[in-house]
Amino acid sequence: MVGPPSSIRSPSAADGEQTVRAARVDSAPGAGPAGGIPDSQLAGPFPVGDYAGALRAKLRSFARVQLVGELVNLRPSRARVYFELRDAGGALPCAAWRDDWERMVAGGGAPVEGMQVVVAGGCDFYPGSATSSPGFSFAVSELRIAGEGDLLARIDRLRKRLDAEGLCEPQRRLTLPLVPRTIGVVTGERGKARDDVLAALQRRGWAGRVVWAYAPVQDRHAAPAIVRALGDLAGLARVDVVIVARGGGSLADLLCFCDETLCRTVALLDVPVIASVGHHTDRTLLDDVAAVSCSTPTHAAEAAVGIDLRRARHDLAAGGGRLRDHATQAMRSRAELPVAAARLRENGRRALLTRARLLASLSRAPGEHVARQRARLHQQLREIRAASSRRLAGGRELSARHALVLARKADAALLDARERRPRELQRLALALAAHDPQRTLERGYAIVESPDGAPLASAREARAARELLLRFADASVAARVDER
Amino acid sequence: MTDEQRQPPGEALSYEQASARVEQIIRRLDSGEASLDETLALVKEGKSLIELCADELGAVGAALEELRLDELVSRLENEAST
Amino acid sequence: MTDEQRQPPGEALSYEQASARVEQIIRRLDSGEASLDETLALVKEGKSLIELCADELGAVGAALEELRLDELVSRLENEAST
Amino acid sequence: MTDEQRQPPGEALSYEQASARVEQIIRRLDSGEASLDETLALVKEGKSLIELCADELGAVGAALEELRLDELVSRLENEAST
Amino acid sequence: MTDEQRQPPGEALSYEQASARVEQIIRRLDSGEASLDETLALVKEGKSLIELCADELGAVGAALEELRLDELVSRLENEAST
Amino acid sequence: MTDEQRQPPGEALSYEQASARVEQIIRRLDSGEASLDETLALVKEGKSLIELCADELGAVGAALEELRLDELVSRLENEAST
Amino acid sequence: MTDEQRQPPGEALSYEQASARVEQIIRRLDSGEASLDETLALVKEGKSLIELCADELGAVGAALEELRLDELVSRLENEAST
């Protein structure tokens, strides 16, 4: 790519050594130590700024004209829009102020690269400065698209012819491998398209072989080189699929992909070709004959590798994992079998055990019934025995008490008979004795009695009795009444 | 003393009757109304009554002793305590 | 003591009758109204009644022993414990 | 005791009748109203009733022996605990 | 007990029928209403029923042991753990 | 259990049918309503069904192991991670 | 799964078909409705499909390799000339 500054710089770079030396000499008499070139017939050295300024004035003084040519290398910048006009005989760098450009293209639509345009304007020169490069350009003030129909009509005619020959079909009948082993890529060696393709292939996780077929993709020499590359890729490199890729370019660049030879070669190629050369608006003939047509190199790479291998592998691994999990899951019910068997076992045991326990208690029940009855009998017998013992003991106690009371009574009676009553008898005896005449006799008295013992209580009785007994205490004395 | 109280002769007097008769005799004698004759008779009667009573007492005492109630008591107490 | 309470002689007294008669005798003796003769008679009667009761008790006791209740009790105990 | 409760002699008493009669006897004895003779008679009757019951129980008990399920139960329990 | 509950003789009782009959017998015994003869008969019947049940239990126990569920469980556990 | 749930004899049960029947058997046993005979029959049936299930699972497990899914997965994971 | 989705046997499945069938198999397994036999069959089928897909994907090298056509051409020319 050639721009206005480099077109000026290029010649000076070729003999740069001289220029430097000249500058050093030229500067001597004026501003610095540099003097002129010895033995030179030329005037100067003049300060280059002066000369550049003079050159600009000179160029600007050229007549303003209209030029016609193919618009290529269109490069809008912030302030200006740069492009070139070319034809077979030569080329001229052009520039327009951005404002003017917007105005110029406002009516007839934006010109695209490869179009024939007519521009009006005049020569101009930017003298540069200590820090910026100078540059020549044809300052465009008016622009008109010319001859556009011719180009498109030519391409259209060719498309119809190819179609009529059935050349749009063969490539489409080819099957793209899902995952090609080898991919040939026809592209510019340093273009962005190459990087995009590589990045897209890597993103897909593709790990095959890329055969880079670098070729010019932007000029009229491109088509033959691409044809040769395609043949080599299919024949020698035995690629599975070919990508023809070009980044965004001018219509002129795209024109090479409308080359008849290229299109015929592609159409008859037995390797599928994926085209990614144009914009979605501009369809090249290559797009028509290729197996697949993509809008960007990235898409082309994705078309070449029909599947996101990274994701697909991941999905496969995940699917395998799910299968494995389900297999594991299916076998998990194995763990339930011993549980079920254990429950069977436990149920069997429980059925036996509960019944055996119940039966044991049932079997004990009659025995317990009998034992209860025995205990009751035992208790009853003990009660009877106790009652009879109580009765006997009570009776014996009562008898003993009776005997004791009776004995006491008998004792009392005995005491009575031996002591109280004898005392009483004694008293009576004493009282009786007090009246006993015997006691009087003992004091010296005597009782006069008749001989038969009858007491004589008076003298008369005594006289009458005549015979007397005088009873003294110790003895009686017989006496006779003697009344002399 | 009424005739009813008097014991028909030949019938044995009870101790109590004999004893009461003695009391009666003593009261008669104490009254001083009894003549010597009566006195002598009463004293004689009294004496024999007292003897009768003493004999009675002796006989009852002996009979009671003969019953040996103590033995019965201890036998029964022994039986009751066993 | 009424005639109804008195047992016609010659007929054996029951234990309870004898026992009741003893009680009656004791009450009579307690009253102090009994004469010496009666006292002796009562004591004699009481003694023989008590002996009768004791004999009766002894006979019943012997009869009960003959029943061998203890043996039956231990037999039941043994049977219950087996 | 009424005549209805008394069993006509010669007819076998059921265990329960015998048992009820024993209870009745015990109540009678406990009341303390029975005479000594009755007591002896009651005790004799009670004893023979109890013997009768015990014999009957002995017959039933003998039929029960030798059936030992405990062994089966403990074997099953051992198995269950292992 | 109604006639419906009684099993016709000669037909084999199931374990549950025999067991239920034993329960019935025991309720009857516990009620104390059975005469001694009936008690004896019930006890005999109960005993033979219990023996029948015990035999049945023994047979089922043996059959269950023959199934060797323990071995099955451990085998399955081994298989499950691998 | 209805007749529909019962498998006609002689037809091989699928694992799922056998497994479901085992569940049913265990529920029935758990209910405690099964008689002794039925219990034995159920346990027997359950055992043979569990064995059937174990055989089935064993066969499937062996077949699944033969598939060496682990190796496949690790190979795929390795490939995916590169 | 319908008949249209099924691949006639013997015809190679495309990656997409195989992949879709794997998805279908996993959905079926996820549903939990597949019997043990069906599970085994599904896992087998899934495994072979995944292997098929993996073969399809894995037919390239281990890493992306870059070659220049001009170098390749000259090498081939050299080889041809020797």
Side-chain angles (χ1 to χ4, degrees), chain A residues 337-406, chain D residues 13-82:
Chain A
L337 288 182
V339 174
R343 289 184 70 183
L344 278 185
R345 183 186 56 185
E346 292 321 311
N347 265 308
R349 277 181 185 163
R350 203 175 52 238
L352 278 184
L353 186 56
T354 52
R355 282 176 176 83
R357 279 183 178 147
L358 179 61
L359 196 61
S361 74
L362 290 181
S363 74
R364 278 191 292 269
E368 282 164 359
H369 176 76
V370 168
R372 267 199 309 278
Q373 295 303 326
R374 269 200 187 112
R376 180 147 165 267
L377 285 183
H378 181 238
Q379 177 63 22
Q380 286 173 332
L381 183 60
R382 281 158 57 115
E383 281 176 22
I384 286 173
R385 185 180 59 171
S388 65
S389 295
R390 268 200 310 276
R391 187 73 175 86
L392 267 188
R396 287 199 171 108
E397 251 172 52
L398 186 63
S399 289
R401 198 167 61 242
H402 281 167
L404 186 64
V405 171
L406 194 65
Chain D
L13 280 174
S14 78
Y15 179 89
E16 285 66 32
Q17 286 168 322
S19 183
R21 175 67 188 132
V22 169
E23 291 285 331
Q24 206 174 27
I25 285 168
I26 289 172
R27 275 198 303 279
R28 177 69 185 156
L29 289 173
D30 279 346
S31 74
E33 290 166 8
S35 71
L36 193 63
D37 289 346
E38 191 190 344
T39 296
L40 179 57
L42 288 172
V43 170
K44 275 182 179 168
E45 186 187 354
K47 187 218 171 189
S48 64
L49 288 171
I50 284 172
E51 276 177 332
L52 185 130
C53 287
D55 289 348
E56 303 272 13
L57 282 180
V60 171
L64 285 177
E65 279 174 21
E66 90 215 37
L67 188 64
R68 284 279 162 260
L69 282 166
D70 294 334
E71 204 180 302
L72 176 62
V73 169
S74 53
R75 189 161 60 75
L76 290 173
E77 277 171 349
N78 283 340
E79 275 173 19
S81 66
T82 50

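Since this is a predicted model, take the numbers as computed values, not measurements. In what follows, chains carry the letters A, B, and so on, assigned in the order in which the sequence lines appear, proteins first and then strands, with residues in each chain numbered from 1.
- Proximity to chain A (any heavy atom under 4.5 Å) is shown, for D:Glu23, by both the backbone and the side chain.
- Taking the side chain as every heavy atom from C-beta outward, A:Gln380 and D:Ser19 approach each other to under 4.5 Å.
- Using a 4.5 Å heavy-atom cutoff, the side chains of A:Ile384 and D:Lys44 are not in contact.
- For A:Arg390, the part sitting under 4.5 Å from any heavy atom of chain D is the side chain, from C-beta outward, and nothing else.
- A pairwise comparison of heavy atoms in A:Ser388 and D:Thr39 identifies CA-CG2, 4.4 Å as the closest pair.
- A:Leu381 pairs in a side chain to side chain contact (heavy atoms under 4.5 Å, CB included) with only one of the listed residues (D:Val43, D:Ile26, D:Ile50, D:Leu49), which is D:Ile50.
- Smallest separation of non-hydrogen atoms from A:Leu377 and D:Ala54: CD1-N, 3.4 Å.
- No other option in A:Arg345, A:Arg355, A:Glu383, A:Gln373 has as many heavy-atom pairs under 4.5 Å with chain D as A:Gln373.
- Contacts of A:Arg350 with chain D are absent, with no heavy-atom separation under 4.5 Å from either backbone or side chain.
- Expressed to the nearest 0.5 Å, how far CZ of A:Arg372 lies from CG of D:Leu57 amounts to 11.5 Å.
- By the 4.0 Å N-to-carboxylate-O rule, A:Arg391 lies too far from D:Glu38 to be salt-bridged with it.
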